[in-house]
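As structure tokens, the structure follows; a few thoughts come after it.
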Amino acid sequence: MASPYDICVVGSVALDDVETPSGRVRDAVGGAAVYFSIAASYFTKVRLVGVAGKDFPAKTIRHLEKRGVDLAGLEVSSGDTFRWKGSYLKDLNQAETLDTQLNVFATFRPNLPAHYREAEVLFLANIHPALQLHVLSQARKAKFRALDTMNLWINLPETRPVLDKVLKKVDLVCINEGEARLLSGCDQLPQAARRVLRMGPKAVVIKRGEYGANLFTRDQTFFAQPAYPLEIVRDPTGAGDSFAGGLMGALAKERNFSDAALRRALVWGSVMGSFVVERFSTAGTASLGPAELRRRFNDFVRFTRL
Ligand code: AMP
């Protein structure tokens with residue numbers, strides 16, 4: 001039985017090869033839906049929709065289950081898991097994609113199990129906008145819907161009109177600086193955000209890596225800036241998705257989507273993003289205690305109070 005506080009997330013489940021100035025990992029667990037689910041699981045029940053191959057580690061499945069993540073919507077297909085290879089050697093704030101192998105993700109057609117369709121909160125991680133639209137048509141009870149996207153879908157002439165349709169149906173867009181500029185055609189972020197707001201959503205969150213995150217709604221602007229001042233960032237992979245998990249998790253837990261709740265959620269997003277980048281893959285958010293989470297939230301508030 002679903003509860004109103006549940007979040008349904010649809011996105012990639014991946015094995016990543018990542019190199020950063022701190023080192024490299026191969027076949028590390030990743031994917032937007034995985035990073036998101038782990039981060040959001042500290043706040044509420046998460047129901048994941050995605051596809052993995054037979055090579056996806058059983059250990060991770062057990063870990064997600066232990067964290068209470070519902071995997072009824074995780075399809076395990078014969079074939080290999082989606083693979084992404086990225087480098088942060090040139091710029092820690094910007095991944096350079098070296099290789100992508102879609103594998104079982106190529107034929108992914110998200111289908112929400114019946115009980116997922118009751119969830120009030122929906123997060124459409126970065127997938128093809130036609131799939132995002134397909135999910136929206138199944139999650140009709142969702143009261144708060146958010147999406148992430150990427151340059152490819154914004155740029156391609158055949159996907160942009162579909163993305164524009166999706167934008168009209170969501171409440172929140174959670175994108176990075178570059179995506180905001182590309183989507184809006186504006187260089188200045190406040191202007192870019194205003195333009196995205198005119199495309200449909202009630203709120204726009206712009207993730208800015210080490211510079212934090214900005215929230216724009218029709219009535220207000222709020223900056224969680226800068227990001228938590230970490231001494232070392234080992235692996236930025238999953239920062240955006242863990243941020244989104246913290247943000248959406250906090251909103252779902254409060255069951256409040258007001259501007260004030262969005263401001264608090266922006267800080268929770270920053271908290272989860274800061275934990276994940278401290279270690280490679282999902283190690284930074286794998287098991288955190290409530291005191292640790294609260295301490296970092298309070299630090300953020302303290303750092304930014306005049
Ligand atoms: P983030 O660093 O938060 O943007 O998320 C990185 C995660 O997104 C990695 O674990 C990748 O496996 C996954 N990813 C990379 N490229 C794509 C893509 N084209 N579609 C879906 N997921 C992707």
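Whatever order the structure lists them in is the order used to number ligands and atoms, beginning at 1. These numbers come from a predicted model, not from an experiment.
Residues Val18 and Thr20 are in side-chain contact: their nearest non-hydrogen atoms beyond the backbone lie under 4.5 Å apart. For the pair Thr237 and Asp16, the minimum side-chain heavy-atom distance is below 4.5 Å.
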Please output the side-chain donor-acceptor pairs of residues 242-254 that fall under 3.5 Å, not counting sequence neighbours, one pair per line with the distance.
residue : atom : partner : partner atom : Å
Ser242  : OG   : Gly238  : O            : 2.8
Glu254  : OE1  : Arg264  : NH2          : 2.9
Glu254  : OE2  : Arg264  : NE           : 2.7
Glu254  : OE2  : Arg264  : NH2          : 3.4

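Close approach of ligand 1 to Ala239 is summarised as follows: ligand atoms under 4.0 Å from at least one heavy atom of the residue are 2 (O), 3 (O). Every atom of ligand 1 is numbered from 1 in the order shown, and the set under 4.0 Å from a heavy atom of Gly238 is 1 (P), 2 (O), 3 (O), 5 (O), 6 (C). In summary, the atoms of ligand 1 found under 4.0 Å from a heavy atom of Gly240, numbered by their order in the structure, are 3 (O). Within ligand 1, counting atoms from 1 as listed, the ones closer than 4.0 Å to a heavy atom of Ser12 are 13 (C), 21 (C), 22 (N), 23 (C). The ligand atoms of ligand 1 that sit less than 4.0 angstrom from a heavy atom of Met150 are 19 (N). For ligand 1, the atoms lying closer than 4.0 Å to a non-hydrogen atom of Gly31 are 9 (C), 10 (O), 12 (O).
By the 3.5 Å distance cut-off applied to N or O atoms, Tyr35 is not counted among the residues near ligand 1. Checked by distance only, ligand 1 and Thr100 stay at 3.5 Å or farther apart across all their nitrogen or oxygen atoms. In terms of polar-atom proximity, Ala14 is not counted as a contact of ligand 1, lacking any N or O under 3.5 Å from an N or O of the ligand. The shortest N or O to N or O distance between Gly30 and ligand 1 is not below 3.5 Å.
Ion pairing between a basic and an acidic side chain is recognised when a charged N comes within 4.0 Å of a carboxylate O; Arg83 and Asp27 show such pairing.
The protein heavy-atom contact nearest to atom 23 (C) of ligand 1 is Phe82 CE2, 3.6 Å. At the shortest separation from atom 1 (P) of ligand 1 among protein heavy atoms lies Asp241 OD2, 3.3 Å.
Judged purely by distance below 3.5 Å, without hydrogens or angles, the side chains of Ser258 and Asn256 pair a donor atom with an acceptor atom. For the residue pair Ser274 and Arg296, a side-chain donor N or O sits within less than 3.5 Å of a side-chain acceptor on the partner.
Considering Asp16, Asp235, Val276 only, the shortest heavy-atom separation from atom 12 (O) of ligand 1 involves Asp16. For atom 15 (C) of ligand 1, the nearest non-hydrogen atom from the set Phe108, Trp84, Tyr88, Phe243 belongs to Trp84.
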Would you check, one step at a time, whether the test side-chain hydrogen bond (donor to acceptor under 3.5 Å, both in side chains) holds for Gln101 with Asp80? CA-CA 9 Å; Gln101 284 171 32; Asp80 289 336; over 6 Å; no

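Here the two rings, on Phe105 and Phe108, have centers that are under 6.0 Å apart.
Counting heavy-atom neighbours within 6.0 Å of Gln188 CD, excluding the residue itself, gives a total of 12 or less.
Partners of Glu19 according to the salt bridge (charged side-chain N to carboxylate O under 4.0 Å, His left out) rule, which considers only residues two or more places apart in sequence or in another chain, are Arg24.
At least one heavy atom of Thr237 sits closer than 4.0 Å to an atom of ligand 1.
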